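As the structure is a prediction and not an experimental result, all values here were calculated from the model.
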Protein chains: 2
Amino acid sequence: MAITLKEVAERAGVSRSAVSRTYTDGASVSPKTRKKVEKAAKELGYSPNALASSLTTGRTKLIGLISNNFHNPLFLEVFDLFTRRLQEKGLRPLLVNLTDETDPEHSLRMLKQYSVDGVIVASSTLLPEFAKAFHDAKIPVVHSFGRFASAPDVHVVGVDNVECGRMAARTLLARGYKHIGFLGGPKGATSTIDRRAGFMEVIGQAKGIKVKVSNAAAYSFEAGRAAMLKELKASPAEAYFCGDDVMSIGALSAIESAGLAAPEDIGIIGLNDMEMAKWENINLTTIRQPIKQIVDSSVELVIAALEDRYRHPEARLFSCQVMERGTLRPL
Amino acid sequence: MAITLKEVAERAGVSRSAVSRTYTDGASVSPKTRKKVEKAAKELGYSPNALASSLTTGRTKLIGLISNNFHNPLFLEVFDLFTRRLQEKGLRPLLVNLTDETDPEHSLRMLKQYSVDGVIVASSTLLPEFAKAFHDAKIPVVHSFGRFASAPDVHVVGVDNVECGRMAARTLLARGYKHIGFLGGPKGATSTIDRRAGFMEVIGQAKGIKVKVSNAAAYSFEAGRAAMLKELKASPAEAYFCGDDVMSIGALSAIESAGLAAPEDIGIIGLNDMEMAKWENINLTTIRQPIKQIVDSSVELVIAALEDRYRHPEARLFSCQVMERGTLRPL
DNA sequence: ATTAAGATTGCAACCGGTTGCAAAAATTGT
DNA sequence: ACAATTTTTGCAACCGGTTGCAATCTTAAT
């Protein structure tokens with residue numbers, strides 16, 4: 001196997017404690033022994049076993065990164081940001097794919113077995129059993145991209161979806177659309193519910209506006225396309241706020257298939273601002289979620305929670321921003 | 001902290017070994033004690049500490065999953081498949097983002113510190129220093145989506161890029177294109193080099209065919225678009241084999257911007273067959289890499305290499321397949 | 001009932017580190 | 001040069017498990 005502390009100690013002619021202390025900051029070692037140890041370590045190619053040390057220190061520096069969004073391109077960007085940020089902070093992401101087929105119980109047990117220091121759930125919904133299990137085990141959980149106050153015993157970082165809904169509605173109204181559609185994601189999704197609430201609130205305050213509400217079966221291209229095709233058969237609205245960017249692209253494809261165009265015939269505003277939204281052939285007007293900030297803040301929060309296990313659950317909400325592009329008629 | 005083996009032993013009235021053995025398969029425990037232990041464990045909510053046990057068994061069941069492809073949507077699918085497959089096999093992916101800015105040395109040390117059992121590098125290129133470092137540490141490495149024989153001391157699973165090039169060329173020739181373009185990825189990329197070789201080989205054997213070769217700056221939408229815009233200024237070919245699907249979509253966008261259409265004015269064939277390629281508004285004819293097979297095979301191979309550290313480096317190549325869609329003129 | 005073979009059990013040492021404590025060494029002050 | 005401090009060091013116990021070994025208990029066979 002690999003070189004161990006003991007071997008380094010022997011070669012350096014010091015005790016094992018001395019070696020250990022050279023690699024523990026804040027420990028007392030004279031420059032002389034440190035030098036000797038470092039020399040021996042280099043010669044042997046020693047690197048300390050993080051797992052063994054975790055046994056006594058109680059810190060693995062492992063963070064469970066849990067998600068079920070393995071089909072939304074936005075999450076590739078999110079994973080990129082998370083892995084980098086965690087690496088920068090000296091933490092290691094243990095990735096868990098929590099897709100429907102996979103057993104949550106199992107993932108849970110697994111994360112406990114590996115004694116992760118903390119958990120980041122990057123998903124719009126968080127299973128309550130999950131939150132509870134980690135809470136019981138005193139493992140900090142941050143729900144990233146989560147719903148504010150959905151689970152009171154968990155830190156949450158994300159956007160205010162109600163406000164996103166309002167923002168979408170205001171944007172459409174400002175452009176003079178009178179017949180407006182809300183084409184949401186799956187009916188039960190909390191994100192959909194919240195956005196719809198904000199959306200309807202603003203529309204309700206305006207005069208002479210007609211609204212249509214419908215839902216796609218999933219946050220996916222296919223579902224967005226199917227939903228829009230259905231809309232086009234009945235009398236469609238002039239512009240739609242779509243559940244997310246992927247759905248929006250599906251909707252755009254439906255519009256195109258019907259021989260229509262955006263924004264000339266139907267306007268679309270999406271949500272997320274994933275990288276693809278600014279591709280010239282898509283050029284989607286959308287509401288941007290500040291994913292970098294959400295990620296950075298999530299990591300910061302999980303670290304803070306690590307240091308103070310009894311820290312009060314906290315919600316951090318970031319504001320979104322309309323990205324003007326080409327799928328809504330101009331102001 | 002969490003419940004330990006000792007506490008379970010006390011409550012069950014047996015020795016620590018007995019408890020340990022209940023959770024080690026193949027160990028000798030009577031049904032009676034097993035029952036007692038399991039009862040006590042349940043009551044206490046015990047789950048064994050995988051890290052502590054790794055200390056003696058020398059197996060962490062941690063697999064380093066290293067990639068630098070955090071901008072190619074195909075890799076979201078790849079990560080999905082990898083995480084699921086590894087989970088199914090009882091292994092845990094420790095994700096490492098090896099983007100240019102991040103220090104490879106650092107990642108390397110990290111993976112050693114966490115004593116990963118094996119490493120899967122999901123990237124078209126593998127730094128030789130990486131391969132060597134793991135080889136020295138006797139940690140099996142599988143280079144997934146790698147180049148055959150690029151590094152002789154490493155297992156590799158992927159496709160034969162030379163054959164992909166040939167396939168692309170044959171496909172274009174079969175459709176009667178006479179002026180053909182190879183619009184590759186970055187010049188130095190081995191994948192580009194290999195595909196080009198196969199492509200030119202077939203073209204060279206055909207009669208009366210004109211070829212143009214050019215390279216995009218990266219496997220990205222922007223680069224693909226820029227490269228195609230440039231092509232369109234000079235006399236473009238009738239059809240192009242593009243470096244990958246993302247580049248192809250960029251190229252399509254350029255064609256559209258120029259007021260032209262695929263396949264009427266210019267044909268495009270891509271490579272990868274990422275999910276998006278079959279979206280109706282893209283409908284890209286492309287060469288499919290069997291990513292599920294590559295992933296499954298990679299996981300299987302890393303497991304095999306785990307069991308036999310002296311297993312001979314092996315290359316597993318899968319064949320690709322043309323996916324007929326709408327960006328090439330029909331046969 | 002007696003014995004040999006097989007299964008089960010606990011002891012104790014070990015995996016690769018960390019850390020409290022007391023002894024030893026170095027430093028300071030006079 | 002000597003005592004009082006401060007720093008550095010090694011010992012030994014511990015973190016949470018595993019495992020070889022010898023002792024004990026079962027079971028089967030005579």
In whole angstrom, give the distance that lies between atom CD1 of A:Ile3 and atom P of C:dG17.
-> 10 Å

All N/O contacts under 3.5 Å from nucleotides 19-24 of chain C to the protein, with atom names and distances to one decimal?
from	atom 1	to	atom 2	distance (Å)
C:dT19	O4	A:Ser17	OG	3.3

Over how many whole Å does the gap from A:Gln113 atom CD to D:dG17 atom P extend?
-> 10 Å

Is it the case that more than 12 heavy atoms not belonging to B:Glu314 sit under 6.0 Å from its CD atom?
-> yes

Pair B:Phe75 and A:Phe79, ring centroids less than 6.0 Å apart = no

Ordered by number, residues from residues 26-38 of chain B within less than 4.0 Å of DNA chain C (heavy atoms) are B:Ser28, B:Val29, B:Ser30, B:Thr33

Nearest-angstrom distance from the residue atom CG of B:Leu55 to C1' of D:dG17 = 8 Å

Please report, rounded to the nearest Å, how far the P atom of D:dG16 is from the CG atom of B:Leu44.
-> 14 Å

C:dG16 P sits how many Å from B:Tyr114 OH, rounded?
-> 18 Å

Heavy-atom neighbours of A:Glu88 CD exceed 12 at 6.0 Å = yes

How about B:Tyr46 and B:Tyr23: are their ring centroids closer than 6.0 Å?
-> yes

Chi angles and distances behind the ring pair (Phe, Tyr, Trp, His ring centres under 6.0 Å) call for B:Tyr114, A:Tyr114 | CA-CA 11 Å; B:Tyr114 280 82; A:Tyr114 281 81; over 10 Å; no

Go through D:dG17, C:dG17, D:dG16 for me and flag the one nearest to the B:Pro48 side chain.
-> D:dG17

Decide, yes or no, whether a salt bridge links A:Glu43 with A:Lys39 under the criterion of side-chain N to carboxylate O below 4.0 Å.
-> yes

Euclidean distance, atom CG of residue A:Asn49 to atom C1' of D:dG16 [Å, nearest integer] | 14 Å

Please report the shortest heavy-atom distance between B:Ser124 and B:Thr190, naming the atom on each side.
-> O-OG1, 4.2 Å

Protein-nucleotide distance (A:Leu51, atom CG; D:dG17, atom C1'), rounded to Å = 13 Å

Rounded to whole angstrom units, what separation is found between the NZ atom of A:Lys6 and the C1' atom of D:dG10?
-> 16 Å

Please work out if B:Tyr23 contacts a base, only the sugar-phosphate, or nothing of the nucleic acid, heavy-atom cut-off 4.0 Å.
-> nothing

Name the one of B:Glu300, B:Gln293, B:His155 that satisfies side chain to side chain donor-acceptor pair (under 3.5 Å) with B:Arg316?
-> B:Glu300

Write out all pairs satisfying salt bridge (charged side-chain N to carboxylate O under 4.0 Å, His left out) with one or both partners inside residues 127-138 of chain A, taking only residues at least two apart or from two chains.
-> A:Lys132-A:Asp136

